[in-house]
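Here is how names work: the chains are called A, B, and so on, in the same order as the sequence lines, proteins then strands, and each is numbered from 1.
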Number of protein chains: 2
Amino acid sequence: MARQRAEADEAPPKKSELTRQSILDAAARMFRMHGYSGTRLSDIADEIGMKAGSLYYHFPSREALVEAVMDLGLQRTHAAVLDRLSMLPADAGHLTRLQVAIETHLLSVLEQEDYTSASIKLIWQVPAGIRERQIADQRAYGALWRKLLEDARKGGAIRADVDLSVARMAIVGALNWAADWYKPGKLTPKRIARDICAMVLNGLVAEDEAAAAKRRPATTKRAKK
Amino acid sequence: MARQRAEADEAPPKKSELTRQSILDAAARMFRMHGYSGTRLSDIADEIGMKAGSLYYHFPSREALVEAVMDLGLQRTHAAVLDRLSMLPADAGHLTRLQVAIETHLLSVLEQEDYTSASIKLIWQVPAGIRERQIADQRAYGALWRKLLEDARKGGAIRADVDLSVARMAIVGALNWAADWYKPGKLTPKRIARDICAMVLNGLVAEDEAAAAKRRPATTKRAKK
DNA sequence: CTTTTTTTCTAATATATATTAGAATACGGT
DNA sequence: ACCGTATTCTAATATATATTAGAAAAAAAG
């Protein structure tokens with residue numbers, strides 16, 4: 001919702017909007033798979049039966065194109081999370097909200113086409129100017145997570161001894177990383193989301209083990225039996 | 001330990017080994033900061049007061065150089081984790097081993113120079129050939145983690161209802177992501193490692209909250225009070 | 001069936017930078 | 001100081017590909 005070159009508001013409900021979309025789709029797919037430097041304009045154009053030069057009718061430059069893709073990726077994820085959170089009953093607990101955010105973000109990374117995945121992977125590949133603007137935009141989304149965690153802590157739902165920014169980055173990192181390794185197959189995105197939620201909220205330690213562990217010095221635990 | 005072009009064993013204890021090292025160091029730093037396509041050979045050369053062409057005396061190509069950096073990054077991390085694990089007392093528990101692995105990997109990402117960080121970030125930026133070899137090498141390191149987790153599960157130390165490959169990827173993802181956001185400052189690497197361990201092993205949920213939560217249907221928890 | 005506008009193509013241009021060949025320099029040993 | 005080897009530099013070369021200008025074609029309007 002931040003960076004859109006003049007073009008989207010004027011008035012004329014052009015039909016070339018369709019082409020623009022297909023260019024973006026192809027670009028997102030290509031950039032995601034082959035990276036920024038690994039994707040030529042001609043790759044994108046070929047993908048939709050066009051010539052490279054023609055892309056310039058729709059986008060002023062290769063950089064503008066990749067920035068548009070990244071913007072969309074971030075905005076879609078942000079919007080999806082906001083949306084699902086807003087659908088929760090007003091009395092939903094902090095942990096539920098956290099769970100929903102985790103699940104939605106992950107599904108966005110794994111399903112929501114290539115935009116999200118591209119926006120994550122490209123951050124360090126694009127020219128500095130784009131990266132800076134992108135990181136600035138990420139802050140707004142980060143703030144949403146910060147608030148989720150802060151609220152949960154204030155509500156006493158999450159432990160007091162873990163730094164919240166570490167928690168936030170670790171969670172988002174675990175989720176974003178999935179863009180790298182996920183291959184449709186055995187594990188469904190839902191299942192993955194469930195497991196990550198379980199880990200993040202309740203930890204990996206087995207139930208019976210947990211109680212005992214918390215009573216021992218932090219670095220000298222032994223597995224029983 | 002996998003891919004080293006002939007050169008390291010012959011015999012002549014050349015002194016240019018020093019230059020080679022400084023080239024690698026500069027390359028790791030540059031590649032890490034500006035990405036693969038964002039780093040020119042002349043950038044690397046400048047960094048150590050050389051001319052771009054001279055690099056070819058030490059490396060056959062830009063690609064060979066970046067591959068060497070990535071190899072080192074992976075190997076160092078792998079070696080560091082193996083090393084610290086081997087130092088543990090023979091009777092160390094599964095959870096302790098997991099903790100040590102997490103801490104060591106993270107410290108490697110945050111401190112151990114730029115190699116580790118570069119090897120993580122560059123994966124999707126380098127030419128496909130390099131990426132494939134690199135991913136193959138990662139498997140060996142991944143196997144170490146898989147074993148850690150499988151052993152822990154067999155030993156009953158970790159819960160049975162979370163898929164181990166999801167857990168593994170989530171953990172490594174959370175750790176690797178730190179390469180993106182960490183800035184030396186308030187939080188020390190040790191502290192970050194501690195917090196992530198706490199999350200991964202025991203979860204974010206507050207202690208008193210935890211017991212109650214486990215007794216309620218999974219998606220309908222409410223924070224108390 | 002024109003005319004106008006939008007969209008795409010063709011064919012240069014322009015630039016950047018990896019790579020190479022050969023000259024120049026530094027260096028170690030004698 | 002001299003020789004040979006190791007190392008670095010200089011100055012082309014070569015290629016790739018983003019970008020642009022203007023021609024063509026398609027679509028819309030009339």
Taken in chain and number order and not counting sequence neighbours, the residues that satisfy salt bridge (Lys or Arg N to Asp or Glu O under 4.0 Å) with A/Asp25 are none
In whole angstroms, the gap separating C1' of C/dT17 from CD of B/Glu63 amounts to 14 Å
Residue-phosphate contact under 4.0 Å: B/His58 side-chain N/O, D/dT8 OP1/OP2
yes
- A/His105 vs A/Trp145 aromatic rings, parallel, tilted or perpendicular, using cut-offs 30° and 60°? perpendicular
Expected list for residues 24-35 of chain B near DNA chain C, using heavy atoms below 4.0 Å, is none
Check whether any side-chain N or O of B/Tyr57 sits under 4.0 Å from OP1 or OP2 of D/dT8, and answer yes or no.
-> no
From CG of B/Leu65 across to C1' of C/dT17 the rounded distance in Å is 15 Å
Taken to the nearest whole Å, CZ/A/Arg20 to C1'/C/dT6 is 16 Å
Separation of D/dT20 atom P from A/Arg62 atom CZ, nearest Å, is 14 Å
Handout entry: Exercise: do A/Gln21 and A/Glu17 side chains pair donor with acceptor under 3.5 Å
Key = yes
- [ ] Give a yes/no on whether any side-chain N or O of B/Ser16 is located under 4.0 angstrom from OP1 or OP2 of D/dT7.
- [x] yes
Numerically ordered, the residues 37-56 of chain A set in heavy-atom contact under 4.0 Å with DNA chain C is A/Gly49, A/Met50, A/Lys51, A/Ser54
